[in-house]
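Contents: one structure, followed by commentary.
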Amino acid sequence: MEEALIVIDVQNDFCPGGALAVAEGDAIVPLVNDLIRRFDHVVLTQDWHPEGHSSFASQHPGKNPFETVTMAYGEQTLWPDHCVQGSEGAAFHPALEWTKAELVIRKGFRKRIDSYSAFFENDHKTPTGLAGYLRERGISQVTLAGLATDFCVAYSALDAVRSGFTATVMMEACRAIDLGGSLDAMTERMKAAGVRLI
Ligand code: VGL
Ligand code: ZN
């Protein structure tokens with residue numbers, strides 16, 4: 001039974017000084033590097049939006065970051081412009097030891113749809129291909145760490161379980177945005193779904 005570490009969005013824009021900075025986002029980097037050393041298989045995700053992405057508040061006149069809108073696929077939180085393809089903000093944190101990674105899954109590259117999860121976009125239907133990749137590689141267990149706990153990490157963990165993988169989240173190696181109680185809410189959803197939180 002093979003296991004993979006999935007490192008979620010350890011990118012400059014989610015670290016202090018970045019466009020969508022997560023408090024202490026950079027503090028997890030040494031812990032994530034330790035995990036990378038310990039796992040045989042490492043996959044990274046990279047939030048990767050085209051300019052003018054529909055999840056950016058700047059594209060919705062009269063709306064501010066962290067407000068919500070209804071998209072074709074349901075409710076969507078609006079964000080500051082972040083992780084624009086090819087920008088410094090979209091690059092991995094400079095101290096992240098990513099060279100060992102076997103795969104980088106980019107997500108959020110379709111202009112009309114956001115993607116928090118490493119497995120499915122926010123319509124919960126459009127696959128990223130990660131489940132197929134892991135299955136073909138004989139990987140049935142995933143461990144997750146990264147940013148942000150209550151968005152991309154949580155949705156990835158929930159979709160991992162839904163896709164038939166066992167999922168563990170290393171909570172110390174994650175940091176949250178925590179918008180309107182989202183950390184508690186998503187922690188409860190993960191527990192209820194059978195995600196192991198350690
Ligand atoms: C994320 C909001 C927007 C994340 C990505 O990585 O958790 N959150 N894009
Ligand atoms: Zn994003």
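Both counts, for ligands and for their atoms, begin at 1 and track the order of listing.
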**Study point:** Atom of Asp47 nearest the Zn ion (ligand 2) (restricted to N/O/S, atom name only)
**Key:**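 Of all N, O or S atoms belonging to Asp47, OD2 is the one nearest the Zn ion (ligand 2).
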Practice item. Look at Cys83 and state whether any of its N, O or S atoms is less than 2.8 Å from the Zn ion (ligand 2). Key: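 No, Cys83 does not qualify, because none of its backbone or side-chain N, O or S atoms lies under 2.8 Å.
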Exercise for review: Give a yes or no on whether His82 keeps an N, O or S atom under 2.8 Å from the Zn ion (ligand 2).
Suggested key: yes
Exercise for review: Fit a plane to each ring of Trp79 and Phe151, take the angle between them on a 0 to 90° scale, and name the class: parallel (under 30°), tilted (30 to 60°) or perpendicular (over 60°).
Suggested key: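 Ring orientation of Trp79 relative to Phe151: perpendicular.
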Check your understanding: Hey, is CD on Glu67 packed in by over 12 heavy atoms from elsewhere, all under 6.0 Å?
Key ->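 Count over threshold, so yes.
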Exercise for review: Say whether Val104 and Val42 are linked into one hydrophobic cluster, either directly or through other cluster members, by side-chain heavy-atom distances under 4.5 angstrom.
Suggested key: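 Result: yes, single cluster for both.
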Check your understanding: Linking I/L/V/M/F/W/Y whenever any side-chain heavy atoms sit under 4.5 Å apart, do Leu35 and Leu103 land together?
Key -> yes
Practice item. Give the contacting part of Leu147 toward ligand 1: side chain, backbone, both or neither, where contact means a heavy-atom distance below 4.0 Å. Key: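 Backbone only.
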Review point. Is there a donor-acceptor contact under 3.5 Å linking the side chains of His124 and Asn122?
Key: no
Review point. Would you say ligand 1 has an N or O under 3.5 Å from any N or O of Asp47?
Key: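 Yes, Asp47 has an N/O under 3.5 Å of an N/O on ligand 1.
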Exercise for review: Report yes if His82 has an N/O atom closer than 3.5 Å to an N/O atom of ligand 1; otherwise report no.
Suggested key: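 His82 vs ligand 1: N/O contact under 3.5 Å present.
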Check your understanding: Which atoms from ligand 1 have a heavy atom of Ala148 less than 4.0 Å away?
Key ->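 Those qualifying, in numeric order: 4 (C), 6 (O), 7 (O).
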Check your understanding: Just wondering, do Phe119 and Tyr155 contact through their side chains at under 4.5 Å, heavy atoms?
Key ->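 Counting from C-beta outward, Tyr155 and Phe119 never come under 4.5 Å.
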So which protein heavy atom does [atom] come closest to, and at what separation?
| atom | value |
| --- | --- |
| atom 2 (C) of ligand 1 | Trp79 CE2, 3.4 Å |
| atom 4 (C) of ligand 1 | Cys152 SG, 2.8 Å |
| atom 6 (O) of ligand 1 | Asp9 OD2, 2.6 Å |

Practice item. Taking side chain to side chain donor-acceptor pair (under 3.5 Å) as the test, write out the residues that go with Thr149, two or more places apart. Key: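 By the side chain to side chain donor-acceptor pair (under 3.5 Å) rule, Thr149 matches no residue at all.
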